Amino acid sequence: MKTGRLLFRLASLSLLCLLAACASTPQVRVQADPAAEFNRYRSFAFYSPLAVEHHGYSTITSNRIKAAVRAQMESRGYVFAAADPDLWVNLNAYLQEVTRVINLPEVDYDYYYSYRARSYVALPYWRDRTDVRQYTEGTLNVDLVDVRQNRLVWEGVAVGSVARMDPEQRGRKIDEAVAAIFARFPYRAGQTAP
């Protein structure tokens, strides 16, 4: 009977490790305007003022996000043109405290001595285990706006848990989140999606 308990605990531990692994990478959602003519876009500039710079000035973090987005756009053939771009890029990022409550059913066994069977018998019983986790969740938005029509044509959003880290680690995480968003951007300058 101890083997069943051990297998159940190993399965529970594996599930928790899988959930923890999923939480470490951001969830990315994208949305594109089906009427947008992506084949005519060749240049971009950053919208002014950026939503991420809502206090009226740039920060180390906003500059890192802009640099990562600019590198992703230029790697796809788009040219940065502060005057008369085809696309405006707007960025937003925010943090919020999240409490996650998970109820997991678990089984355990209780043993009693049966005088009829003249041996110990195991009886299963079920109970709920409640796990409460508090963490900081970060959201990063990248919006591409058609300058001529003043209309949003593509949006990428990354959502994930954020931990305390040093500036170098934070910069790597920003680069990874921006790369994850643009991994879902199928367009190149002057071309439609494949």
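As the structure is a prediction and not an experimental result, all values here were calculated from the model.
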| said: Assess whether a salt bridge exists between Glu176 and Arg172, defined as any Lys/Arg side-chain N lying under 4.0 Å from an Asp/Glu carboxylate O. | reply: no
Minimal heavy-atom distance between Phe46 and Lys66, with the atoms involved, is CZ-O, 3.4 Å
Exercise. Tell me whether Val28 is reachable from Met73 by hopping between hydrophobic residues (I, L, V, M, F, W, Y) whose side-chain heavy atoms are closer than 4.5 Å.
Key: yes
**Asked** Going by atom types only, do Ser161 and Glu137 share a side-chain donor-acceptor pair under 3.5 Å?
**Response** no
CD (Glu106) and CG (Asp128) are apart, to the nearest 0.5 Å, by 8.5 Å
In terms of side-chain geometry, is the basic nitrogen of Arg100 or Asp131 positioned less than 4.0 Å from the acidic oxygen of its partner? no
Begin with the C-alpha distance, continue with both residues' side-chain angles, and end with the deciding distance and a verdict on side-chain contact (heavy atoms from CB on, under 4.5 Å) for Asp108 and Arg127. CA-CA 8 Å; Asp108 205 348; Arg127 63 177 175 231; 3.5 Å; yes
Excluding Val159, membership of its hydrophobic cluster (Ile, Leu, Val, Met, Phe, Trp, Tyr; side-chain heavy atoms within less than 4.5 Å) reads Val157
| Would you call Ile181 and Gln72 a side-chain contact if the rule is heavy atoms closer than 4.5 Å? | no
Below 3.5 Å, can you tabulate the donor-acceptor pairs from side chains in residues 139-146 to any protein atom, sequence neighbours excluded?
residue	atom	partner	partner atom	Å
Asn141	ND2	Glu155	OE2	3.4
Asp146	OD1	Arg40	NH2	3.2
Asp146	OD1	Arg148	N	2.9
Asp146	OD1	Gln149	N	3.0
Asp146	OD2	Arg40	NH2	2.5
Asp146	OD2	Tyr41	OH	2.6

To the nearest 0.5 Å, atom CG of Leu123 lies from atom CG of Asp110 at 7.5 Å
Sequence neighbours excluded, the answer for side-chain hydrogen bond (donor to acceptor under 3.5 Å, both in side chains) partners of Asp84 is none
I want to know whether Phe80 and Phe44 have ring centres closer than 6.0 Å.
yes
So the ring-ring contact (aromatic ring centres under 6.0 Å, His included) pairs with at least one residue in residues 127-152 (sequence neighbours excluded) are none
Thr59 meets the side-chain hydrogen bond (donor to acceptor under 3.5 Å, both in side chains) criterion, sequence neighbours left out, with Ser62
Tightest non-hydrogen contact, residues Gly138 and Val162, listed as N-CG2, 3.6 Å
The complete set of ring-ring contact (aromatic ring centres under 6.0 Å, His included) pairs with one or both residues in residues 136-185, sequence neighbours excluded, reads Trp154-Phe182, Trp154-Phe185, Phe182-Phe185, Phe185-Tyr187
Scanning both residues in full, the closest heavy-atom pair of Ser58 with Glu53 reads CB-OE2, 3.1 Å
Shortest non-hydrogen pair, Ala45 vs Ala81, comes out as CB-O, 3.4 Å
